[in-house]
Amino acid sequence: MTIISLERVADILPADFPALEADAKADGHAHMTRLAAEFATDRAMFHAIFTCHLDGRLAGIGAITNEPAPAPVPTWRMRRFYVHQDYRRRKVGRAIADALLREAAGKVAIVTVHAGNAGAVRFWEAMGFTGIDGQPWSHQAHLPIPEPAAGS
């Protein structure tokens, strides 16, 4: 039986992060290296970082920050999102994305992503994100904003 474990990153990246970073580099991506550098120098930029372990091995990671480009309403961006090649199509990405969307719920109206390839486009669209033109991001999801409490 496969055991999926989702955890919030607090003070340090997981001990097995270098293996995930190496896999990302081998897959032609440098954003895990950027994540490590940003985490070391500006941890406060992240609203949340979640890791997903499968059977005790780090299978993926994802973070959410403020949208770095100007946006008309409060907007956060999913970024530094990566699933190890050996763990794709095993619900790792969905688990991380769902956790990050729950983190944003009630706090912002829009969450954005920049899908860098056709596989990422398919993933984000399956997650309910809509493609958008004319923005620095490729896809966005609209989140419900809770109604103010009665008497507020």
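Just so you know, residue 1 is the first one in the sequence shown, and it goes up from there. What you see below is based on every heavy atom in this structure, not just the backbone, and it leaves out hydrogens, waters and symmetry mates. Nothing here was measured: the structure is a model prediction, and the numbers come from that model.
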Review point. Which is it for His139 and Glu125 under the side-chain hydrogen bond (donor to acceptor under 3.5 Å, both in side chains) test, yes or no, and what are the steps along the way?
Key: CA-CA 8 Å; His139 290 74; Glu125 289 178 354; 3.0 Å; yes
Between [X] and [Y], does any side-chain donor sit less than 3.5 Å from a side-chain acceptor?
X: His47; Y: Glu103; answer: no
X: Thr65; Y: Arg77; answer: no
X: Thr130; Y: Gln140; answer: no
X: Glu7; Y: Thr51; answer: no

Is it true that a side-chain atom of [X] and a backbone atom of [Y] form a donor plus acceptor pair closer than 3.5 Å?
X: Thr75; Y: Val73; result: yes
X: Ser138; Y: Ala115; result: yes
X: Asn66; Y: Pro68; result: no
X: His84; Y: Asp86; result: yes

Is [X] linked to [Y] within one hydrophobic cluster, defined over Ile, Leu, Val, Met, Phe, Trp and Tyr using a side-chain heavy-atom separation of less than 4.5 Å?
X: Ile110; Y: Ile132; value: no
X: Leu143; Y: Val113; value: yes
X: Met127; Y: Ile49; value: no
X: Trp137; Y: Trp76; value: no

**Study point:** Spacing of Glu21 atom CD and His29 atom NE2 [to the nearest 0.5 Å]
**Key:** 13.5 Å
Exercise for review: Drop me the distance from Leu100's CG to Arg8's CZ, to the nearest 0.5 angstrom.
Suggested key: 9.0 Å
Review point. More than 12 foreign heavy atoms under 6.0 Å from CZ of Arg89: is that the case here?
Key: no
Exercise for review: Would you kindly check if the NZ (Lys) or CZ (Arg) of Arg43 is within the cone defined by 45 degrees around the ring axis of Phe39 and under 6.0 Å from the six-membered ring centre?
Suggested key: yes
**Study point:** Any pair counted as ring pair (Phe, Tyr, Trp, His ring centres under 6.0 Å), so long as it reaches residues 94-131, sequence neighbours left out
**Key:** Phe81-Phe123, Phe81-Trp124, Trp124-Phe129
Point to revise | side chain to side chain donor-acceptor pair (under 3.5 Å) involving Tyr82 - partner list, sequence neighbours excluded | key: Asp23, Asp27, Arg88
Check your understanding: Quick one: which of Val92, Ile61, Leu58 gives a side-chain contact (heavy atoms from CB on, under 4.5 Å) with Cys52?
Key -> Val92
